[in-house]
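Let me begin by presenting the structure, written as structure tokens, before commenting on it.
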4 protein chains.
Amino acid sequence: MPIAKGDRVVLIDESYKKLIVSTEDPTDKYKGFGVFDPGTFIGKNYGEQVIIGTKPVWILPPRLLDKLQSIKRKAQIILPRDAALILMYCSIESGNRVIEGGIGSGSLTIALATAVAPTGQIISYDNREEFIRHAMRNLHKADLDQYVTTKERDITKGIEETDVDAVVLDIPTPWIVVPHAWKALKAGGFFCSYSPLISQVEQTVQELRRLPYIELHTIEHLQRNLVVSDHGTRPSFNMLGHTGYLTFARKIL
Amino acid sequence: MPIAKGDRVVLIDESYKKLIVSTEDPTDKYKGFGVFDPGTFIGKNYGEQVIIGTKPVWILPPRLLDKLQSIKRKAQIILPRDAALILMYCSIESGNRVIEGGIGSGSLTIALATAVAPTGQIISYDNREEFIRHAMRNLHKADLDQYVTTKERDITKGIEETDVDAVVLDIPTPWIVVPHAWKALKAGGFFCSYSPLISQVEQTVQELRRLPYIELHTIEHLQRNLVVSDHGTRPSFNMLGHTGYLTFARKIL
Amino acid sequence: MPIAKGDRVVLIDESYKKLIVSTEDPTDKYKGFGVFDPGTFIGKNYGEQVIIGTKPVWILPPRLLDKLQSIKRKAQIILPRDAALILMYCSIESGNRVIEGGIGSGSLTIALATAVAPTGQIISYDNREEFIRHAMRNLHKADLDQYVTTKERDITKGIEETDVDAVVLDIPTPWIVVPHAWKALKAGGFFCSYSPLISQVEQTVQELRRLPYIELHTIEHLQRNLVVSDHGTRPSFNMLGHTGYLTFARKIL
Amino acid sequence: MPIAKGDRVVLIDESYKKLIVSTEDPTDKYKGFGVFDPGTFIGKNYGEQVIIGTKPVWILPPRLLDKLQSIKRKAQIILPRDAALILMYCSIESGNRVIEGGIGSGSLTIALATAVAPTGQIISYDNREEFIRHAMRNLHKADLDQYVTTKERDITKGIEETDVDAVVLDIPTPWIVVPHAWKALKAGGFFCSYSPLISQVEQTVQELRRLPYIELHTIEHLQRNLVVSDHGTRPSFNMLGHTGYLTFARKIL
């Protein structure tokens, strides 16, 4: 399929570094890819390899993973592996209304927005205006800003919405939000908190136990690559030892 | 919110065993829940606990996780954790057309169908008619059958569709499907194979390397619960050591 | 080599269940192995398979692993994998004098005694007389009792010895022993604590930081079998998710 | 205790880098520690901190872990965690005679020699003369060379010794040694092979199954630090994803 005027495309270099641009973006210096005119991609076929400067680059239509892997980081981001488990264990579905606490760089927001599209909505609370602005630029680049409403408010002070499908938190003190989340959720709605520290998990779990929540559990997960080469197959020597614990619970009456 | 006539509901007992029924289903003996009339739930509120026989049961609107956790198994199923990573690393989005090879009991099909709703479609190949029938009963119960087309065909013989967003395999010989998948995929579309055995991974990776695929990688992941109790916090003694390896790749021209 | 009168032997059945007996033990009913006369093994060759009742059994000279795998449990035991890391990260060597706090069923004591033989000594504190008696029966069966001195005392009240090579703890409140251990250890001697709970680790680490200890670290480890069969190779589905955290430190002046 | 003339000591800097020297070694430039005269340590107390140049350094009597952590590497070494499990699952005890195949840099040899001291012996085969020389320098520095005999021979061609307690291999083709090991071992003796690749494990296991070996199993293990800080406790982000698989078996007749 040929690339059209106005298309957003993802450029992927041979080390799998990614950049999302619009074919209407101006000639400019793009970080890690050098100076080029995105308009020259019009008429090429998706899947082709082009040369930018001396760098061979594939051009593909941007998918969720591309959006996550090309965002500009302002803070530690939630990795795709964690986002994947959050979406599943909160049963995020098309049409859902989801509260997010702590927009960060918008990586989890991108995953949530993709999952609730085309009719759902993410309402993201963050009291740091510069994080909201930064995250929304990432969401705009990902063409997902229409699914996200932001609120420059401290979510530990309360949630204004009710009857929501899930409340997902990536903040330092998630336990304070547990009662607010209970009020905001519909029956059967999911609470989720992402926390690197064990004491955060403990306080959150204790608070969840005080309120009518069921299916309460905390997981951690480890992911490792399997390296298949001509010499033979083995697990990768490289491995991330920890990202964050994920605590889940579900509202009942 | 009150339960209405015709609603599907999920019943969850105190050990979190789940059953999905319609309020229009007849009085019957329901496995693990005893004899009851689902019509009596009409007018109750979602989130309430009711008593069936002597068993206290919560009634909630069924979400993705409920659908996965209440299916009837005919074969080893793909667990929610694996389905979560497949959806993410294949970037399955609303509106996608996805080929599935090996319908099994329909658990992965349920996850895929939820992710592509309301406008996408899963085309599932399986040459075992009784598996298709069993899986479709699970999909019907999950109210997702409208997103799934089945084909009683051996996917190793070829894929009829083209321009699809992803090809996802849970079959004993995924490597045979690698060239068929390449033809079926659109540029940038994702190949994924779930395989318990290392030799399956090796053959699949070798075949993927012969064709224009990028971002080729194989992962395994381990998940463990963190147990928070009054005595203290520790990782769970119970842990599943292995499910399957996930191999991903992406079509280019 | 033929089995002689007075030899201790290990019997191993086909599911690798183990029993250590002396060829001078009487005819008796031996749990899991039925009624037999150990004297009949005299003159057989080590490595032979004999029949006890209808059960085929190999006869071998008992080694450390046999001793650990055939002990009678009174409490949760420290597994060989944990004992292995304790021996290594405490650098337990032949000739060492080692303080043990909490004898339990004597499994760690067996490993420690083997490592310090033939000239070292384990001094094991436990204030539960029945545990000492039970553990010493296991050590006697393992022919290692000559390397172990027991003290029916609460180690949290103090350690009488000085100039010891290591202090190894498997007790509920290891942090109380941290100052006692510092006094008991020689310069460069190792402190080790085995604790299932994270709060135990935290309190112990905080106490260790108050005193002149270096090389302070806490580890956890996971072990998984690789299953090689005719179908193919894969990691085992069975896996133990947690045993205990191991905290190590080393005394300086 | 004061340091005496002729003592070997381990120097440990504040990042826990280690160097073993004798107080009779000459004034020299010692890699990572600068120029100094080891004789000046005589009369200091073990456990004291001294200043070398501007670097504060603790002086301790060298223990097994110091010896392993200060060896000069010529090849990839076997880590203390793997050596620990090899010693345990091969039941290496004081007095044992052990065959090693592949001396490498001598790290496993140091662990084995420590375990069999003071009356046992390691016989180490390696057909690369420069590796033997390099490893023996490490063993000499560790004061363990008296427990090690080296043979400049290819162990895949056969083992000359018989009636040994264990055969431990770190070579590319361990399966070729499986029948030689069976002949060399006493009844109940242990075979062990350390291999990074899955195909190495598969070939070794297949060969072990052809001969009278029992208790055959292959393990992998993962180790992770727990980080306890003022902010809170969490698993370490740093983690080694793989070292090698350990395959064990035991000779019967």
Side-chain angles (χ1 to χ4, degrees), chain A residues 1 10 12 16 45-49 58 60-61 63-66 80-81 83-85 87-95 111 114-115 117-119 163 165 186-188 190 198 201-202 205-206 212 214-215 217-228 233 235 245 247 250-253, chain B residues 1 10 12 16 45-49 58 60-61 63-66 80-81 83-85 87-95 111 114-115 117-119 163 165 186-188 190 198 201-202 205-206 212 214-215 217-228 233 235 245 247 250-253:
Chain A
M1 223 177 64
V10 59
I12 306 179
Y16 299 154
N45 285 307
Y46 279 112
E48 264 187 55
Q49 198 178 46
W58 291 286
L60 296 176
R63 299 280 288 265
L64 172 55
L65 207 56
D66 302 316
R81 63 182 78 172
L85 294 173
L87 295 181
M88 172 57 70
Y89 288 119
C90 288
S91 294
I92 307 297
E93 304 175 22
S94 175
T114 300
T119 54
D163 214 38
D165 296 288
K186 62 171 64 160
F190 289 88
I198 288 157
V201 172
E202 289 172 332
V205 167
Q206 279 154 21
I214 61 169
E215 297 195 74
H217 64 289
T218 299
I219 63 169
E220 70 168 327
H221 59 108
L222 291 168
Q223 188 174 307
R224 189 169 63 163
N225 278 31
L226 194 71
V227 179
V228 179
T233 301
Y245 293 99
T247 298
R250 199 165 178 192
K251 175 180 175 169
I252 50 163
L253 294 186
Chain B
M1 223 177 63
V10 60
I12 307 181
Y16 300 154
N45 285 306
Y46 280 112
E48 264 186 56
Q49 199 178 47
W58 292 285
L60 294 176
R63 298 278 290 265
L64 171 55
L65 207 56
D66 302 317
R81 65 184 76 173
L85 294 173
L87 295 182
M88 172 59 69
Y89 288 119
C90 287
S91 293
I92 307 297
E93 305 175 23
S94 175
T114 300
T119 53
D163 214 36
D165 295 287
K186 63 171 63 160
F190 288 88
I198 289 158
V201 172
E202 289 172 331
V205 167
Q206 278 154 21
I214 60 169
E215 299 194 73
H217 64 290
T218 299
I219 62 169
E220 68 167 328
H221 60 106
L222 291 168
Q223 189 174 306
R224 189 169 63 161
N225 277 30
L226 194 71
V227 179
V228 179
T233 302
Y245 293 99
T247 298
R250 200 165 178 191
K251 175 180 174 170
I252 49 162
L253 295 185

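Just so it is clear: chains get the letters A, B, ... in the order the sequence lines come, proteins before strands, and each one is counted from 1. Reckoned from all heavy atoms, side chains included, excluding hydrogens, waters and symmetry mates.
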Looking at chain A, which one of B:Lys251, B:Glu215, B:Gln206 has the largest number of heavy-atom pairs inside 4.5 Å, strictly under? B:Glu215
Considering only heavy atoms, which portion of B:Ile12 lies under 4.5 Å from any heavy atom of chain A: side chain, backbone, both, or neither? side chain
By a 4.5 Å heavy-atom criterion (distance strictly below it), what part of A:Asp163 contacts chain B: side chain, backbone, both, or neither? neither
Find the distance between CG (A:Asn45) and CD1 (B:Ile252) and round it off to the nearest 0.5 Å. 13.0 Å
For B:Ala111, is it the side chain, the backbone, both or neither that has a heavy atom under 4.5 Å from a heavy atom of chain A? side chain
Please give me the minimum heavy-atom distance between B:Ala84 and A:Met88, naming the atom from each residue. CB-CB, 3.5 Å
Is B:Glu93 close to A:Arg63 at the side-chain level, that is, under 4.5 Å between some pair of heavy atoms? yes
Which atoms form the tightest heavy-atom contact between A:His217 and B:Asn225, and what is the distance? CB-ND2, 4.1 Å
Any side-chain to backbone donor/acceptor pair from B:Arg224 onto A:Leu222? Under 3.5 Å, distance only. no
Go through the atoms of B:Leu60 and report whether side chain, backbone, both or neither lie under 4.5 Å from a heavy atom of chain A. side chain
Examine distances only and state if a side-chain atom of A:Ser91 and a backbone atom of B:Leu65 form a donor-acceptor pair shorter than 3.5 Å. yes
Please look at B:Val228 and chain A and tell me whether the side chain, the backbone, both or neither of the residue comes under 4.5 angstrom of a heavy atom of that chain. both
CG (B:Leu64) and CG (A:Leu87) are apart, to the nearest 0.5 Å, by 10.0 Å
Nearest non-hydrogen partners of B:Ser94 and A:Pro118, listed with the distance: OG-CD, 3.4 Å
Which atoms of A:Tyr46 come close to chain B, meaning under 4.5 Å heavy atom to heavy atom: side chain ones, backbone ones, both, or neither? both
Chain A contacts, top residue of B:Val10, B:Thr114, B:Thr119, B:Thr233 (heavy-atom pairs, under 4.5 Å): B:Thr233
Going by heavy atoms in the side chains, are A:Ile219 and B:Arg81 under 4.5 Å from each other? no
